[in-house]
Asker: 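One structure follows; several queries about it will come next.
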Amino acid sequence: MIRPMSKSTTPGVTVLVTQLSRLIYRRTSEELLGMRVKEFATLAMLRDHSPIPQQELSEMLCIDANNLVLLLNDLESKEFAFRRRDPADRRRHLVEITDDGLRAFDNAEKGIESVEDDVLALLTRHERVELQELLAKALD
């Protein structure tokens, strides 16, 4: 038996955010950014919160600690970030972005902006700012 469609034809927020995320992810190639999307997201956090305890970075990125270690290994091999012991607590590592990491992030940001411009073309500048603010608020 086929069920009748619900009265609302707009998917819920979770479905829409997931679809938007997948759309952006598919259009954002490593060639466009010069790095993987996960590396870009990590450098974005490091740009705004460097130095940051590694565990806190893991929580902010919603990445398992073991996967973050692998990601940071890649960023360190590219000299985009580095880890050092926290002088206040030698058991912890602090993660920092390097000058090369900042330059790479700035270049990648231009690429991601072109993807955002394409994907969000139907939104006004004000709507895009509002969307960014609402998403950031939801993640707090």
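Position 1 is the first residue of the sequence; numbering continues from there.
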Asker: Are the side chains of Leu61 and Glu56 in contact, using a 4.5 Å heavy-atom criterion?
Answerer: no
Asker: Quick one: CZ on Phe40 to CG on Leu75, what's the gap to the nearest 0.5 Å?
Answerer: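 Answer rounded to 0.5 Å: 12.5 Å.
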Asker: For residues Arg83 and Arg92, determine if any side-chain heavy atom of one lies less than 4.5 Å from a side-chain heavy atom of the other.
Answerer: no
Asker: Is there a side-chain contact between Leu94 and Pro87, using heavy atoms and a 4.5 Å cut-off?
Answerer: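 They are in contact (side-chain heavy atoms under 4.5 Å apart), so the answer is yes.
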Asker: Minimum heavy-atom separation for Ala65 to Ser58, with atom names?
Answerer: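 So the two residues come closest at N-OG, 3.6 Å.
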Asker: Going hydrophobic residue to hydrophobic residue with side-chain gaps under 4.5 angstrom, can you get from Leu102 over to Leu72?
Answerer: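 Same hydrophobic cluster.
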Asker: Counting heavy atoms not belonging to Lys78, are there more than 12 under 6.0 Å from its NZ?
Answerer: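 Counting other residues, nucleotides and ligands, NZ of Lys78 exceeds 12 neighbours.
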Asker: Any chain of hydrophobic side-chain contacts (each under 4.5 Å) joining Met45 to Val37?
Answerer: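 Met45 and Val37: one cluster.
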Asker: Go through the steps for Lys38 and Leu70 under the test side-chain contact (heavy atoms from CB on, under 4.5 Å), then give the verdict.
Answerer: CA-CA 11 Å; Lys38 289 180 181 181; Leu70 297 174; over 6 Å; no
Asker: Would you find a donor on one side and an acceptor on the other, under 3.5 Å apart, between the side chain of Thr18 and the backbone of Thr14?
Answerer: yes
Asker: Would a 4.5 Å heavy-atom cut-off, applied to side chains only, mark Gln19 and Leu16 as touching?
Answerer: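 Yes, side chains in contact.
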Asker: Distance from Glu96 atom CD to Leu57 atom CG, nearest 0.5 Å?
Answerer: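 If we round to the nearest 0.5 Å, Glu96:CD and Leu57:CG are 12.0 Å apart.
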Asker: How about Thr42 and Glu39: do any of their side-chain heavy atoms sit closer than 4.5 Å?
Answerer: no
Asker: Name the atoms and distances for all side-chain donor-acceptor pairs under 3.5 Å in residues 132-140, with sequence neighbours left out.
Answerer:
none

Asker: Answer yes if Val119 and Leu123 sit in the same cluster of Ile, Leu, Val, Met, Phe, Trp and Tyr residues linked by side chain heavy atoms under 4.5 Å apart, and no otherwise.
Answerer: yes
Asker: Check for me, please, whether Ile24 and Met35 land in the same ILVMFWY cluster - side-chain distances under 4.5 Å, paths through other members count.
Answerer: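 No; Met35 is not reachable from Ile24 via cluster members.
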Asker: On a heavy-atom basis, which atom in Arg36 and which in Glu30 lie closest, and how many Å separate them?
Answerer: CG-OE1, 3.6 Å
Asker: If you apply the rule side-chain contact (heavy atoms from CB on, under 4.5 Å), what do you find for Leu131 with Glu127, and how did you get there?
Answerer: CA-CA 6 Å; Leu131 175 62; Glu127 289 170 331; over 6 Å; no
Asker: Check whether any side-chain heavy atom of Ile97 lies under 4.5 Å from a side-chain heavy atom of Phe80, and answer yes or no.
Answerer: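 The answer is no, as the side chains (C-beta and beyond) never meet within the 4.5 Å cut-off.
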Asker: Same hydrophobic cluster for Val115 and Leu20, using side-chain heavy-atom links shorter than 4.5 Å among ILVMFWY?
Answerer: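 Yes, one cluster joins them.
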Asker: Is the count of non-hydrogen atoms from other residues, nucleotides or ligands lying under 6.0 Å from Gln55 atom CD greater than 12?
Answerer: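 Check fails, neighbour count at 12 or below.
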Asker: Quick one, Asn73 and Val69 - any side-chain contact, counting heavy atoms below 4.5 Å?
Answerer: yes
Asker: In terms of side-chain geometry, is the basic nitrogen of Glu113 or Lys110 positioned less than 4.0 Å from the acidic oxygen of its partner?
Answerer: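 The answer is no: the pair does not qualify as a salt bridge.
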Asker: With rounding to the nearest 0.5 Å, note down the distance linking CD in Glu59 to CD1 in Ile52.
Answerer: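 CD1 of Ile52 is found 9.0 Å from CD of Glu59.
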Asker: Working to the nearest 0.5 angstrom, can you tell me the gap between Leu68 CG and His93 NE2?
Answerer: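 Result: 12.0 Å between the selected atoms.
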Asker: If you count heavy atoms of other groups shown closer than 6.0 angstrom to CD of Glu79, is the number above 12?
Answerer: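 Open.
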Asker: Has Ser77 got a side-chain atom pairing as donor or acceptor with Asp74's backbone, closer than 3.5 angstrom?
Answerer: yes
Asker: If you measure from CZ on Phe105 to CG on Leu33, what distance do you get to the nearest 0.5 Å?
Answerer: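 Going from the CZ atom of Phe105 to the CG atom of Leu33 covers 10.0 Å.
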Asker: So for atom CZ, which belongs to Arg84, do other residues, nucleotides or ligands contribute more than 12 heavy atoms lying within a distance under 6.0 Å?
Answerer: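 Enclosed.
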Asker: To the nearest 0.5 Å, how far apart are OG1 in Thr98 and CG in Leu46?
Answerer: 9.5 Å
Asker: In the structure I gave you, are the side-chain heavy atoms of Pro53 and Val95 within less than 4.5 Å of one another anywhere?
Answerer: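 Not in contact.
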Asker: Would Arg47 and Glu109 count as a salt bridge (Lys or Arg N to Asp or Glu O under 4.0 Å) if you check the C-alpha gap in whole Å, the side-chain angles of each, and the deciding distance to 0.1 Å?
Answerer: CA-CA 12 Å; Arg47 181 198 59 185; Glu109 196 168 38; 3.4 Å; yes
